[in-house]
Amino acid sequence: MSDAPIDIGLPEKMSFTNHGTYIEFVRKWFGSKFVFLTGFVFIWNGFLYAFYGEIAGDNAELFVLLFPLIHVGVGIGLTYYVIAGWLNRTYVFADKQRIEVRHRPIPWIGARKIEALDLKQLYVKEKVSRSNNSSSHSYEVRAVTNSGKNIKILGGLEDQEQALFIEQEIEKHLKIKNAPVRGEVG
């Protein structure tokens, strides 16, 4: 009987292709939270549209027109996030030279390129965000470099298995022997 861990199978909302010289992961962003947020964005922006429609015809004071601008900014930001959530996919490519992360088709933060030769170890870290009555969990694929730096390769993963699968397959492809890292998911 072997003590080697069992490989993680392909998680939901993700595809994996081994092209021989490089591997590719594609992760869909869309999930049930984007359905809820879509409704919320329509209500939020509809309220703002109605508010400005009512006061625009009146000779409203400048303060009354400028005060809700922060709400307009939130509405624009949420709308952008929801559109990205419906359309975007995250692409992770790994070959012997580099690991590259891209988000498409809507531009998003977190795109990066990391030199593969500088990687000593990959691991998954859990991020916990707490509020008054709840907490949420997300996962990051991180790397320890040969120079001892700790860098994030990919963050914001809601599914632990997706993060562990990415770690597992990149380590296999780059022939990095899995070793424990302090703070990694157990």
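Keep in mind it's a predicted model, so treat the numbers as computed, not measured. Heads up: numbering here begins at 1 and tracks the sequence.
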State plainly whether one hydrophobic cluster holds both [X] and [Y], where clusters connect Ile, Leu, Val, Met, Phe, Trp and Tyr through side-chain heavy atoms under 4.5 angstrom apart.
{"X": "Leu174", "Y": "Val144", "value": "no"}
{"X": "Ile151", "Y": "Ile109", "value": "no"}
{"X": "Leu154", "Y": "Ile8", "value": "yes"}
{"X": "Leu78", "Y": "Phe36", "value": "yes"}
{"X": "Ile43", "Y": "Ile70", "value": "no"}

Next item on the list: Kindly give the heavy-atom pair with the smallest separation between Ile99 and Ala94, and that separation in Å.
Entry: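 Reported closest heavy-atom pair: CG1-CB, 4.1 Å.
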
Let me have the donor-acceptor pairs involving side chains of residues 9-19, under 3.5 Å, with sequence neighbours excluded, atom names and distances please.
{"residue": "Lys13", "atom": "NZ", "partner": "Phe30", "partner atom": "O", "Å": "2.8"}
{"residue": "Asn18", "atom": "OD1", "partner": "Gly20", "partner atom": "N", "Å": "2.8"}
{"residue": "His19", "atom": "NE2", "partner": "Glu24", "partner atom": "OE1", "Å": "2.9"}

Notebook entry, point to check: So which residues get pulled into Val26's cluster when ILVMFWY side chains under 4.5 Å apart are joined, directly or through others?
Noted result: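 Answer for Val26: Tyr22, Tyr91, Phe93.
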
Note to self: Among Gln160, Lys127, Glu126, which residue satisfies the side chain to side chain donor-acceptor pair (under 3.5 Å) criterion with His137?
What the structure shows: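 Of Gln160, Lys127, Glu126, side chain to side chain donor-acceptor pair (under 3.5 Å) with His137 is met by Glu126 alone.
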
Note to self: Between Gln168 and Asp7, is the side chain to side chain contact (heavy atoms under 4.5 Å, CB included) condition met? List the steps.
What the structure shows: CA-CA 8 Å; Gln168 165 189 287; Asp7 281 354; 3.8 Å; yes

Using 0.5 Å steps for rounding, measure from the [atom1] atom of [X] to the [atom2] atom of [Y].
{"X": "Asp95", "Y": "His173", "atom1": "CG", "atom2": "NE2", "answer": "6.5 Å"}
{"X": "Ile83", "Y": "Leu37", "atom1": "CD1", "atom2": "CG", "answer": "12.5 Å"}
{"X": "Glu100", "Y": "Lys113", "atom1": "CD", "atom2": "NZ", "answer": "4.5 Å"}
{"X": "Glu140", "Y": "Lys125", "atom1": "CD", "atom2": "NZ", "answer": "6.5 Å"}
{"X": "Ile170", "Y": "Ile153", "atom1": "CD1", "atom2": "CD1", "answer": "5.5 Å"}

Notebook entry, point to check: Got a sec, which pairs hit side chain to side chain donor-acceptor pair (under 3.5 Å) with one end in residues 75-86, sequence neighbours left out?
Noted result: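 Only Lys33-Tyr81, Thr38-Trp86, Asn45-Thr79 qualify under side chain to side chain donor-acceptor pair (under 3.5 Å).
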
Margin query: Salt bridge or not between Arg182 and Glu184? Use side-chain N to carboxylate O under 4.0 Å.
Written below: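 Salt bridge: no.
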
So [Y] and [X], do their side chains get closer than 4.5 Å, heavy atoms only?
{"X": "Val124", "Y": "Ile166", "result": "no"}
{"X": "Arg27", "Y": "Leu157", "result": "yes"}
{"X": "Tyr139", "Y": "Asp159", "result": "no"}

Side-chain atoms of residues 114-121: list all donor-acceptor pairs with protein atoms under 3.5 Å, sequence neighbours left out, distances to 0.1 Å.
{"residue": "Gln121", "atom": "OE1", "partner": "Ala179", "partner atom": "N", "Å": "3.2"}
{"residue": "Gln121", "atom": "NE2", "partner": "Glu171", "partner atom": "OE2", "Å": "2.5"}
{"residue": "Gln121", "atom": "NE2", "partner": "Asn178", "partner atom": "OD1", "Å": "3.4"}

Check: Under 3.5 Å, side chain of Asn88 to main-chain N/O of Ile106, donor-acceptor pair present?
Finding: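 Yes, because the side chain of Asn88 sits within donor-acceptor range (under 3.5 Å) of the backbone of Ile106.
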
Check: Where the side chain of Trp108 meets the backbone of Thr90, is there a donor-acceptor pair that is under 3.5 Å apart?
Finding: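 No, Trp108 side chain to Thr90 backbone: no donor-acceptor pair under 3.5 Å.
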
Next item on the list: List the steps, then state whether side chain to side chain contact (heavy atoms under 4.5 Å, CB included) holds for Val82 with Phe40.
Entry: CA-CA 10 Å; Val82 166; Phe40 181 80; over 6 Å; no

Next item on the list: Output, in order, the C-alpha distance, side-chain angles, deciding distance and verdict of side chain to side chain contact (heavy atoms under 4.5 Å, CB included) for Phe47 and His71.
Entry: CA-CA 10 Å; Phe47 175 77; His71 295 89; over 6 Å; no

Checklist line | Counterpart residues, salt bridge (charged side-chain N to carboxylate O under 4.0 Å, His left out), relative to Glu169 (two or more places apart) | finding: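 Expected list: Lys172.
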
Notebook entry, point to check: With sequence neighbours excluded, what pairs up with Asn150 under the side chain to side chain donor-acceptor pair (under 3.5 Å) test?
Noted result: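 Tyr123, Arg142.
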
